[in-house]
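First up is the structure itself, then whatever we jot down about it.
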Number of protein chains: 2
Amino acid sequence: MKVRDVAEAAGCSIGSVYNEFGDFDGLILTVNRETVQALTARLKAVPADDPLRQLHGLADAYLGFATEHANLLRSLFEHRMEDDRPFPEDILAMVMDAFALMHAPLVRLLPGRDPDDVALLSRMMFSAVHGIISLGLEERMVAVPPEMLRERLAEFVDTHLAGLGVTRSA
Amino acid sequence: MKVRDVAEAAGCSIGSVYNEFGDFDGLILTVNRETVQALTARLKAVPADDPLRQLHGLADAYLGFATEHANLLRSLFEHRMEDDRPFPEDILAMVMDAFALMHAPLVRLLPGRDPDDVALLSRMMFSAVHGIISLGLEERMVAVPPEMLRERLAEFVDTHLAGLGVTRSA
DNA sequence: CCTAAAAATGAACATTGTTCAAGAAGAATC
DNA sequence: GATTCTTCTTGAACAATGTTCATTTTTAGG
């Protein structure tokens, strides 16, 4: 993404882009905000009736979004602020909202556990799924091939839940 | 990293940097090669006597390397080639060598399984661990806090192995 | 209409990757 | 040692891109 391209696409001058977004970071962050919102909308569309089915649905929805918008997700997770400025709070809050959707079903599946423990478990599961998907879609390095990603991701979720003591029959 | 800084640090001209590395990509890739080699050396230092202890050791070594050289690992995994040129084969091969160290103990722990299956499982586990560590060290977004990363990572490995049917007593 | 505030503009600047003609250094031959 | 040829090194100049800001244009108020 280039400032000049944005200006041309918007039919305005370079200066106007700066008036609107402040600087290049502001431009990127605006895109990232829309990315989080689009992702959240997609995750919210997953049925929440059965927690196990919901977890699989969320993983699948995340995979779908990552497949269709690989660049946007990379921008969201890999962008570094200029001059070590802090990451905007509002984006963090939006990501947390999206994450809460993944946290909820795990809480239901592990009713006996310490809530703080479940919070860390869900963070870990999200990071793991994110890693599998993002490396898998890179098609380089050590990665699960994209065409197998869907079923293997489901398998991963099942395996990990089994390790946590969740029985599939429930 | 800037070409001019490299030239100054090396005590030569800008042109000499280009004679040596070709272009900016060549410079980055040279750094990435050293990164893979350093990582491999570190992983090879993990004792291979007991496969379960080895897996934990490898995860821990990976975390240690990522903690000490966050920028190098990011460069290795996030760098995109200019002009969509293909990723160098030799680096891929070196990464595969490093990865084989993680694959081997899992093969020993799952002797009954189809080798292709174990290959995919180990890729998935590596991607998962990579995701947990890289997001965790970012300290932003949904991530496992760095100070808890070590023990939680071990817990993750145990949980996933349990899900795969590996008993800790062995 | 006139004036003041607000917004838009794009030329000019700073940084950084890249090129390449010119010069320096070295090797080979006599 | 001198000459020539080859190779290496240099850094000025160029290209691409983020950034600034004095100027111009537009809008709003009276």
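Here is the naming used below: chain letters follow the sequence lines, and residue numbers restart at 1 for every chain.
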Using heavy atoms and a sub-4.0 Å distance, could you list which residues of residues 23-32 of chain B are near DNA chain D? By number, please.
none
With sequence neighbours excluded, what pairs up with A/Arg108 under the side-chain hydrogen bond (donor to acceptor under 3.5 Å, both in side chains) test?
none
Of all the heavy-atom pairs spanning B/Val46 and B/Gln54, show the shortest one and how long it is.
CG1-O, 3.8 Å
Transitively linked via ILVMFWY side-chain contacts under 4.5 Å: A/Val95 with A/Val31?
no
Any salt bridge linking A/Asp117 with B/Arg152? Criterion: basic side-chain nitrogen under 4.0 Å from a carboxylate oxygen.
yes
Check this for me: does any side-chain nitrogen of one of B/Asp23 and B/Arg85 sit under 4.0 Å from a carboxylate oxygen of the other?
yes
In 5'-to-3' order, the base (B), backbone-only (S) or no-contact (-) status of each nucleotide in nucleotides 4-9 of chain C, using a 4.0 angstrom heavy-atom cut-off, is ----BB
Any donor and acceptor pair, going by atom type alone, linking the side chain of A/Arg123 with main-chain N or O of B/Val142 inside 3.5 Å?
no
Parallel, tilted or perpendicular: which describes the rings of A/Phe156 and A/His160, with under 30° parallel and over 60° perpendicular?
parallel
Between A/Lys2 and A/Gly22, the residue closer to the 5' end of DNA chain D by nearest nucleotide is A/Lys2
Taking side chain as C-beta onward, heavy atoms only, is A/Phe77 less than 4.5 Å from B/Met141?
yes
Closest non-hydrogen atom pair, B/Leu58 against B/Met102:
CD1-CA, 3.7 Å
Over 60° means perpendicular and under 30° means parallel, so classify the ring planes of B/Tyr62 and B/Phe126, tilted if in between.
perpendicular
Salt bridge check, B/Arg140 against A/Glu89: does any charged N sit closer than 4.0 Å to a carboxylate O?
no
Quick one, which residues of residues 75-87 of chain B touch DNA chain D with a heavy atom under 4.0 Å?
none
Nucleotides bounding contact with chain A, strand DNA chain D, heavy-atom threshold 4.0 Å:
D/dT17 to D/dT20
So, B/Asp25 and B/Arg80, do they make that salt bridge, N to O below 4.0 Å?
no
To the nearest angstrom, the CZ-P distance between B/Arg4 and C/dG17 comes to 7 Å
Considering residues at least two apart in sequence or located in another chain, which fulfil the side-chain hydrogen bond (donor to acceptor under 3.5 Å, both in side chains) criterion with B/Arg74?
B/Asn71
